[in-house]
Amino acid sequence: MAELIGPILDVIKFIGRKASKYLKFQRKFTEYVDDFNQAQADLRAKEADFQQQLKDKHHFGKMPKQAVERWFEKVEQKLVHAQHVEDKISKGKYLFRSCLGKLVDEATQAMKEVHAEGNFSGGLVVNDPSTIAVNLPTPEVVGAIDVREEIYQYLMGDAVGLIGVWGMGGIGKTTIMKDVHNRLLKESKFRKLIWVTVSQDFDIRRLQNNIASQLERNLSDDEDTIVRAGKLSEMLRGQMRYVLILDDVWRSFSLEDVGILEPTKNNGCKLVLTTRSERVVQSMGFKKVKVPCFSMEEAMNLFLSKVGQDMLPNPTLESLMKLAVRECDGLPLAVVTLAGCMRGKSDPRMWENAIDELRGYIRNIHDMEDKVYGCLKFSYDRLKRIDQDCLLYCALYPEDHGIYKDEITEKWMEEGLIDEMGSRKAMEGSSHSILQKLEENCLLEMVQNRPCIKMHDLVRDMALHITRKRFLVKAGMQLEELPNEEDWGEDLEKVSLMHNRISTIPQMMKSPKFPKLTTLLLSWNALKEIPESFFEHFPNLKILDLSYTRLESLPNSISFLEKLTVLLLRGCWCLKSLPCLSKLQALKKLDLGSSGIEEIPQGLEMLVNLRYLNLERTSHLAWIPTGTLSKLCRLQYLAIHLKLRSAEELRELNKLEVFEGWFHNVGDLNTFASKRKTLYKFSILVSYQVNTFRPTTSSNLVRLEGVPFGVGDEIILPYGIEQLILVRCWGVRSINDIGLRDAPDLKACELCACRDLESVISSQCEQLQTLGSLYLSNLENLKVIVEVGAGESSVGIFSSLKEISLSGCGKIKKLFSADWVLSNLEEISVMYCSELEEIITESEKKRLGSNNDTIKFPFPKLRRLELTKLVQLQRICSENGVMDCDSLEFIRIRDCPKLKRIPLYLPQLEIDDEGKLSPSNSLQRIQVHPIDWWEAVEWEHPNFNIKNVVRPLLRFWKDIIEEWEWN
């Protein structure tokens, strides 16, 4: 009997444990469902954040990591399963809660696991190995044909691996190499083109970092230089055939010390440097290529390309132009700057006067460098005084430093170089007008792929020469301590020591006071402390920039700088508090953005002249005392990323023009927006919860996150809104529910994880005719883009649309209507839309009434078409339809198994006599997966077998992954 009781008890215990577990699911069912909903929301939010990051980082030469793609697939699977579970919850009976609770818990844990897996060190994207480089922006190259061809032939041949391009400053070395670089992009000889600017203040470790950065890799700052060189050489070896261009080299150095591989026939690498010094080329053993001055014909052609061919209506003016150009002695920089300052001048007397002046500047000068200086000084002297001062200020930055346009215009305003004009908007407009003028006069240059400018070395040298007694500039010189005392003159007005390694300031400076010094720039240094007596030397200081230093505190003596108008402490993460600021009554600008401050500085509310207050990204700052902001009634700019207690705090700020902030609810947004007619830049977050999103005024943006909407809820958007983002906003069925009457300039709309959204718009909406970008992600109930009512037309609704992106919209079946005018569309990206069947759909009436003639859907500006993981996609358009694409550059079709035809007509494709693609073809890449799909899919062209012709542009997904793993 005992032998039977033991096993029976074990069975009872087992059943009891199971029963207990199921009872727990029954009893705590509501908690399990809440946990399930939270896990689902968290996963959707993370997916949306990653999609946004990929969108932000998406550009030519990048691709998502393979692990990221796999993670998105897992997310899609788990969210589809979660939807099934959610359906069961809504239909479930009380008696079955125990079984359902177990299902809910399993789905919750699965979503949490996938959420935890979404952690990708080093970012979400990698280099696309099929991309060798980006096109470098350069003006149309005039002249130097022989030199350009010589360099190109050396690079394409095998005899020469080291090429040294030398010539005097302003002769055009950099422009020539940019032109050669862009020409190489069209060749298949090299797998990578690397461009690095070296500059006068040569530093091996910085050069190593810059080369590694171009390879999207990093070198540790803690490692020995030799070890870093070894690692860099391995990185370069992994690139195989590459061209490394080192621009603006001033002295010779050892390639081995840096980690640059010696080019050989076997490795197929090439190394080019540009320099002013023939000795550098000679000592490093490079093949010398000298860049000569322009011939008179080349110089004249360059001049006319800049000054304008339309200025030659009469022979007199042409002869005068030739006389002026002849004075430049064939120096391209001199020719360009002369053309810049004489553009639009059609009076012959003005040209005669200019020639006399120009001859006066360069009379009896035999040194060519000095002649360039004379031409530059001629252009400088013809500027207005305000323009001259703005140009000279740029010399305070390090050599070859890219200066953001918004930054330099802000600096000019800080300095008082721009007259106060009653509004910040007017002052910014004036600043940008001056910047444009300096660019047009070729005294400032554009920086490639960035909204930046920089000064040519010779222009900067001229500026430093002009200001040699007033400016002390040691920016970017790798200094570890303050300059020697003999460098500090009593007449100094501005001192720039930015971008150095200065960590300490002596407790006692022997130097006298500097009564004329108004500007002191110490940003981007390793400063940890400033002596109490330091500011005594600068009694009239107006501008103090200590941004991006390691300061932990400021001396109390800063309170005695009573003429201080600008105090910049941006990026000082170690700075926890500030001395009392009440005596700084002249202060107009205080920037504490991204600092470590934990409380508002004492006396802030007394700064009645403050126009600019930046408290963005001050994550340690918990609150602002009530009534502080309302006393700063002259504020024009306010950035504050902690949640405002009430919009009433801002009620008295009637001069506010720029605002970045976070409101707790829609009511506060309505209160703020209804009384703000002067705002011209804003970025506003509305969210109940703690949020990692940080506003930025790059566009006029409102982001609503986690905000529930009820029937009849009203939202007042700030007038002039350009970008609207809705994330996890329940109750919104279309953006008609938001109301867009104050959005006549809406340019971008992003809708993410709004589970009740069924259409983007439910009726005709004129505001969307200005829309340029539409991003839709994880909209589980989205069925159509536009819900057209009876008798309504949607023809012109997206006439300005440039980009559309859909991801994770599981119920939509059709994308575009054939009636829509999409002539401005440049990018189409559709991913993970499991029910999508067709991209361009015609009405049933039109489809039945059409004959067999080919129907062309015009997409004249479309550059990118990406279709990924669309398992139900059957067609892009009707059987007799084609997308007419004149500008297509990139095609990606991946995992669309039911798609049998590629209806793309590419009129720009041309072939030569051998059947190969013409170099003028705009199409650059085609990525497809799987291979057997590509072999079977149909793609027709009226003149040739298009699949054979585009074969050189084709990359299969497995090949891309293999190349990435190899690198």
Side-chain angles (χ1 to χ4, degrees), residues 137-148 165-179 248 274 276 290-312 316-346 348 350-363 365-383 391 437-446 453-463:
T138 184
E140 182 181 353
V141 181
V142 179
I145 297 173
D146 293 342
V147 173
R148 284 184 279 153
V165 181
W166 73 280
M168 63 163 293
I171 202 74
K173 303 180 293 295
T174 299
T175 301
I176 287 170
M177 282 313 305
K178 282 183 179 180
D179 179 68
D248 198 20
T274 72
R276 298 185 189 183
K290 183 181 179 181
V291 181
C293 292
F294 276 17
S295 67
M296 183 58 193
E297 181 182 358
E298 289 176 323
M300 194 63 190
N301 288 337
L302 175 61
F303 182 81
L304 291 174
S305 72
K306 300 297 180 183
V307 79
Q309 296 271 0
D310 57 337
M311 291 185 62
L312 289 179
T316 304
L317 200 59
E318 182 177 3
S319 62
L320 290 171
M321 285 183 181
K322 287 182 178 179
L323 287 174
V325 170
R326 186 169 285 113
E327 295 298 328
C328 297
D329 278 326
L331 302 170
L333 181 62
V335 172
V336 167
T337 53
L338 175 66
C341 71
M342 295 303 292
R343 188 182 294 118
K345 308 290 193 302
S346 56
M350 294 182 70
W351 280 87
E352 290 169 354
N353 183 55
I355 292 168
D356 290 338
E357 284 187 42
L358 192 57
R359 285 172 175 165
Y361 278 105
I362 61 177
R363 187 182 296 119
I365 297 177
H366 302 289
D367 184 88
M368 296 296 278
E369 294 273 0
D370 289 340
K371 286 198 174 187
V372 174
Y373 174 83
C375 292
L376 293 177
K377 187 67 165 57
F378 168 79
S379 297
Y380 168 82
D381 285 343
R382 298 181 76 82
L383 296 172
L391 178 68
K437 191 184 304 181
L438 295 176
E439 287 182 55
E440 290 173 352
N441 281 314
C442 303
L443 293 168
L444 293 176
E445 304 174 358
M446 292 282 291
I453 52 92
K454 71 172 186 176
M455 299 185 87
H456 189 284
D457 294 354
L458 291 178
V459 178
R460 183 171 183 269
D461 290 345
M462 176 194 70

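Since the structure is predicted, the reported quantities are computational estimates derived from the model, not experimental observations.
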Legend entry - Sub-4.5 Å side-chain heavy-atom contact between Val147 and Ile176: yes
Legend entry - Lys437 and Leu443, any side-chain heavy atoms less than 4.5 Å apart: no
Legend entry - Non-neighbouring partners of Lys345 that pass side-chain contact (heavy atoms from CB on, under 4.5 Å), sequence neighbours left out: Met342, Met350, Trp351
Legend entry - Arg326 side chain reached by Leu323 side chain, heavy atoms, under 4.5 Å: yes
Legend entry - Flag side-chain contact, heavy atom, 4.5 Å: Leu391 against Tyr380: yes
Inset, instruction - Look only at the side chain of Asn301 and the backbone of Glu297, and say whether a donor-acceptor pair between them is shorter than 3.5 Å. - result: yes
Inset, instruction - Answer whether the closest heavy-atom distance between the side chains of Glu445 and Ile453 falls below 4.5 Å. - result: no
Legend entry - Straight-line distance of Thr274 OG1 to Met177 CE, nearest 0.5 Å: 8.0 Å
Legend entry - Leu383 side chain reached by Leu438 side chain, heavy atoms, under 4.5 Å: yes
Inset, instruction - Evaluate the side-chain proximity of Val335 to Pro332: yes if any heavy-atom separation is below 4.5 Å, no if none is. - result: no
Legend entry - Any side-chain heavy-atom pair of Lys290 and Trp166 under 4.5 Å: yes
Inset, instruction - Look only at the side chain of Lys173 and the backbone of Gly167, and say whether a donor-acceptor pair between them is shorter than 3.5 Å. - result: yes
Legend entry - Check against side chain to side chain contact (heavy atoms under 4.5 Å, CB included), Lys454 and Leu444: CA-CA 6 Å; Lys454 71 172 186 176; Leu444 293 176; over 6 Å; no
Inset, instruction - Please report the closest heavy-atom contact between Met462 and Lys377, naming both atoms and the distance. - result: SD-N, 3.6 Å
Legend entry - Interatomic distance, Leu304 atom CG to Lys322 atom NZ [nearest 0.5 angstrom]: 9.0 Å
